[in-house]
Amino acid sequence: QAKEGGKDSYRLFTSEMNDSVQRRLRLEYHLVWALSRGEFSVVYQPLYDLKTNRISGAEALLRWNNDELGAVPPSEFIPIAEQSNLIYEIGKFVLDTAMNDFSELKNREGDLLHLAVNISPQQVRQSHFVEDFMATLEKQGFAPNRLELEVTEGLLLSNQPNVKEMLHKLHDLGTELSMDDFGTGYSSLSYLLQFPFDALKIDREFVDGITDVELNEALATAVISMAQGLKIKTVAEGVETEEQLEMLKSKGCDLAQGYYLSRPLDIDGLKTLLGEMGGESLKDGKNTKKAK
Ligand code: C2E
Ligand code: MG
Ligand code: MG
Ligand code: MG
């Protein structure tokens, strides 16, 4: 009997493995064609300036919709795109599309909106990344200081000498650099000091418990005051409740994004939101229209 049980669980294990390997292969197969078949789109999640209560920018987030697979979340396909080197062309598509959508986009106060774009380590490691980036800016007539590039620790971990040089080049153009998912890696703090970051994004994990887990509140307080000392902006991600928002404001956090403020929207949804909001914004609270 024991033998049989063992055999069964072995069988179960391999069939689960096969499932995940097969899923991966299917994704990879479809991903190769996704760009040329126009299956990607970009949505934008507003970033609220907590000092002025206004939308000052938005983060571009990639979406993939395939006939056979349906909507595949970025957390599933981005790692595959990175491993198969498709990320370079895909990353270009995101930058191109987002700059095009944002070229004239202003908030109600008439300020041009900032655009935050996630960049994979693999993209930046390409020797011509900066040149390509500058060419895209030029082509789109887009001011470099309207852009914020969000990078994760993974990039800095690679420890390649040219990564530091490239980040400095980008920063010298006036483009802002944000450290994404701050607090989830091992060395976020030491990297903040070593590289020219303008902002850090407090990961959702810490924002989530901020009102009921003492340690998370203490961490958020420490991170915000440390950033202030370093003259780095703080952005809270994943704000889902009014309580979280108020707590972050009281601690001096500069910017916030999250479902409580707005879901990611397609470009038309974003334009509608900007038009509707008038001078108000945070006080009107929630906007969950056209959720993507
Ligand atoms: P991220 O850069 O940390 O982006 C924030 C993620 O949190 C987004 O997930 C967003 O939809 C989600 N989010 C925002 N507010 C809330 C909230 O209040 N509650 C919850 N539960 N979630 C919230 P998304 O769009 O699924 O993207 C996941 C990750 O995929 C991103 O994390 C980013 O690392 C990566 N990604 C997305 N688009 C791109 C891209 O164009 N290029 C690259 N390289 N990576 C991308
Ligand atoms: Mg991001
Ligand atoms: Mg993030
Ligand atoms: Mg995150």
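Positions are given from 1, in the same order as the sequence printed here. Note that ligands are numbered from 1 as they come in the structure, with each ligand's atoms numbered from 1 the same way.
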When you measure from the Mg ion (ligand 2) to the N, O or S atoms of Asp181, does any of those distances fall below 2.8 Å? no

| said: So, 2.8 Å as the limit: is an N/O/S atom of Glu59 located closer than that to the Mg ion (ligand 2)? | reply: yes

Phe195 and Met179: same hydrophobic cluster, using ILVMFWY side-chain contacts below 4.5 Å?
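Yes.
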
*Would a hydrophobic clustering, with Ile, Leu, Val, Met, Phe, Trp and Tyr connected at side-chain separations under 4.5 Å, put Ile232 with Val207?*
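Yes, one cluster joins them.
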
query: Any chance NZ of Lys106 has more than 12 other-residue heavy atoms, nucleotides or ligands included, within less than 6.0 Å?
result: no

If the cut-off is 4.0 Å to any non-hydrogen atom of [X], which atoms of ligand 1 fall inside it?
| X | result |
| --- | --- |
| Gln45 | 14 (C), 15 (N) |
| Ser120 | 44 (N) |
| Glu237 | 3 (O) |
| Pro264 | 11 (O) |
| Glu240 | 17 (C), 18 (O), 19 (N), 20 (C), 21 (N) |
| Asp181 | 3 (O) |
| Val94 | 41 (O) |

_Residue pairs passing the ring pair (Phe, Tyr, Trp, His ring centres under 6.0 Å) test where at least one lies in residues 95-128, sequence neighbours excluded_ =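 For residues 95-128: Tyr44-Phe102, Tyr88-His128.
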
Any N or O of [X] closer than 3.5 Å to N or O of ligand 1:
| X | result |
| --- | --- |
| Ser75 | no |
| Glu59 | yes |
| Gln257 | no |

ask   = Counting heavy atoms only, which of Leu62, Asp203, Ile87, Asp180 comes nearest to atom 2 (O) of ligand 1?
value =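 Shortest heavy-atom distance from atom 2 (O) of ligand 1: Asp180.
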
#### Entry: Any donor-acceptor N/O pair, Asp254 side chain to Val235 backbone, under 3.5 Å
no

Margin query: Can a donor-acceptor pair be found, under 3.5 Å and without considering hydrogens, that links the side chain of Asp181 to the backbone of Thr184?
Written below: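 Not at all, since once roles are kept as given, no pair shorter than 3.5 Å links the two residues.
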
Note to self: Looking at Lys201 and Glu148, is there a salt bridge between them, counting it only when a charged N and a carboxylate O are closer than 4.0 Å?
What the structure shows: no

Q) Which value, rounded to 10°, describes the OD2(Asp180)-the Mg ion (ligand 2)-OD1(Asn118) angle? A)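 Angle OD2(Asp180)-the Mg ion (ligand 2)-OD1(Asn118): 80°, rounded to 10°.
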
For residues 209-217, which side-chain donor-acceptor pairs fall under 3.5 Å, sequence neighbours excluded?
from   : atom 1 : to     : atom 2 : distance (Å)
Asn216 : ND2    : Glu205 : O      : 3.4
Glu217 : OE2    : Lys251 : NZ     : 3.0

